[in-house]
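As the structure is a computational prediction, the values presented were derived from the model and not from experiment. Computed from heavy atoms alone, side chains included, the values below leave out hydrogens, waters and symmetry copies. Throughout, residue positions are numbered sequentially from 1 according to the sequence presented.
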Amino acid sequence: MAGENSENIRFIGIIVSVATLGGFLFGFDSGVINGTVDGLQEAFDSTTVGTGFNVASMLLGCAVGAFIAGRLADIIGRRAVLLIAAAFFIISAWGSGIASDATVFVIARILGGLAVGAASVIAPAYISEVAPADRRGRLSSIQQVMIIIGLTAAFLSNYVLAEVAGGSRAQIWGGYEAWRWMFWAELIPATLFLVLLFFIPESPRYLVAKGREQEAEAVLNRLRGGKGVSEKLHEIRGSLADDHRPRLSDLLSSQTGRIRTIVWVGIGLATFQQLVGINIVFYYGAVLWQAVGFTENDALKINILSGALSIGAVFFAIALIDRIGRKPLLLIGSVAMAIGLTVMALAFASGSLVNGELVLSDGAGLAALIAANAYVVAFNFSWGPVMWVMLGEMFPNQIRGSGLAVSGFAQWGTNFLIIISFPWLLANIGLPITYGFYAMAAVISVIFVAKMVRETAGRELEAMEG
């Protein structure tokens, strides 16, 4: 049915629901590793550095996947890229669980990374290209909700499987260890994603860019309830170069030959989102809490709590993102994260080493736990959803795919460096200095947002300037 402003809200809702399954798989695939670290160390006899690489190997694929997907989406379409990502999710889930050695496991995780990287940049961009401007922030933010739901589902699945088996390294059905079944659990949503993608249309902005205007008009008619379709087609045409289709070189200013400022802003947003260390909590949460005295069972429960709080925080962001804008949420989140990370660093600094392990007092442990969850809430109220929303909408139509390619590559590249370095930092430098670095990054991000980021709320995609 046609809703307010004549957009077909039901049709848009179906599209968003399917596209954000990519976000769910992004979250599940990222979070499932959390409960399998002990099993991986035992199965592959990994060192600290080796474990870090096994965990972070997916991120190499993510960086490449995000870059390739951004460009490929301009060539074969947004939906086509998501279909390829869905197939890779399935292959990776099966391969990660069946892996008999570290090499096979790393290959499977890199394939999963290609899928995660593609879904991370294309799903929010696709949603932005089908959503009405006044609802775009809320609808695009659902991607972050699904990422967190996926993370929480992975944490819960890991916990249940470990409980049933008696530990992640214990054998369960078919004589396979529980950690293998943790990966195989992803096969169900991945297959569902692949099937449902065949029932949603291609982005009308991509169709116009490829000269398929009749198809674009048909999609716009369904999206807009027939209202203002000709005008919108004209606007989309006007936002695209008339002498060539989108290409990577469009990221350079035609006047100066230098990289456009908007591209540097996208890279900055993508990089700072990871420099605050959020994925340490999600990828190494169990290891982190065990390092400060919690049992494996309690650590897995803390992960579930963090996931639930994150979901609530994103819903709060959804309620505000189109009302107060993207930039205020980023600023509030940066300040709150800086405070939470500083408290965590101070709490860890108060601990003492016992038999080579950090032990906190009851008060310091509680302070660290509260600060960590406050930090997670702050991230998911701000940088978690807002960064992806802005990357999906901030670039002009002509450079959206290419802008997403380089920004996504920067995001996942930084993620890889943060994740692979954590086990070494934990063992050699300690948690206080490590979390002090993340806190400093949060402080610097305040300055970056204040000086560089422009508000995009309520603006049509065709009005975005580069």
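- Between E129 and R400, at least one side-chain nitrogen of the basic residue sits less than 4.0 Å from a carboxylate oxygen of the acidic one, meeting the salt-bridge criterion.
- Distance alone, capped at 3.5 Å, places no donor-acceptor pair between the S407 side chain and the L404 backbone.
- With contacts defined as side-chain heavy-atom distances shorter than 4.5 Å, the pair V145/F315 qualifies.
- Two residues are said to be in side-chain contact when any heavy atoms from C-beta on lie closer than 4.5 Å; R79 and I200 meet this criterion.
- In summary, of the residues considered (I90, L82, I188), a side chain to side chain contact (heavy atoms under 4.5 Å, CB included) with F193 occurs for L82 alone.
- Between W412 and V116 the shortest side-chain heavy-atom distance falls below 4.5 Å.
- Using a 4.5 Å heavy-atom cutoff, the side chains of I15 and P201 are in contact.
- Shown here for Q273 and G384, the closest heavy-atom pair between the two residues is NE2-O, 3.5 Å.
- For the 3.5 Å distance criterion, the side chains of T20 and Q143 fail to qualify, holding no donor opposite an acceptor.
- Considering all non-hydrogen atoms of both residues, Q411 and M387 come closest at CG-CE, 3.8 Å.
- With respect to R212 and E202, no salt bridge is recorded, no charged nitrogen being found less than 4.0 Å from a carboxylate O.
- Residues R138 and I321 form a side-chain contact, since some pair of their non-hydrogen atoms from C-beta on lies under 4.5 Å apart.
- The existence of a salt bridge linking K210 and D74 is excluded, since no basic side-chain nitrogen approaches an acidic carboxylate oxygen closer than 4.0 Å.
- In this structure, V130 and P204 have side chains that are in contact, with non-hydrogen atoms separated by less than 4.5 Å.
- Using a 30° and 60° split on the angle between ring planes, F409 and F67 fall in the perpendicular class, above 60°.
- Between F448 and F272, the ring-plane angle classifies as tilted under the 30° and 60° cut-offs.
- Counted by atom type alone, S334 and W383 present one or more donor-acceptor pairs between their side chains at under 3.5 Å.
- Geometrically, R222 engages F11 in a cation-pi contact defined by less than 6.0 Å to the ring centre and at most 45° from the axis.
- Two residues are said to be in side-chain contact when any heavy atoms from C-beta on lie closer than 4.5 Å; M394 and V389 fail this criterion.
- Between A367 and V343, the shortest heavy-atom distance links the atoms O-CG1, 4.2 Å.
- When all heavy atoms of G22 and F89 are compared, the closest pair comes out as O-CZ, 4.4 Å.
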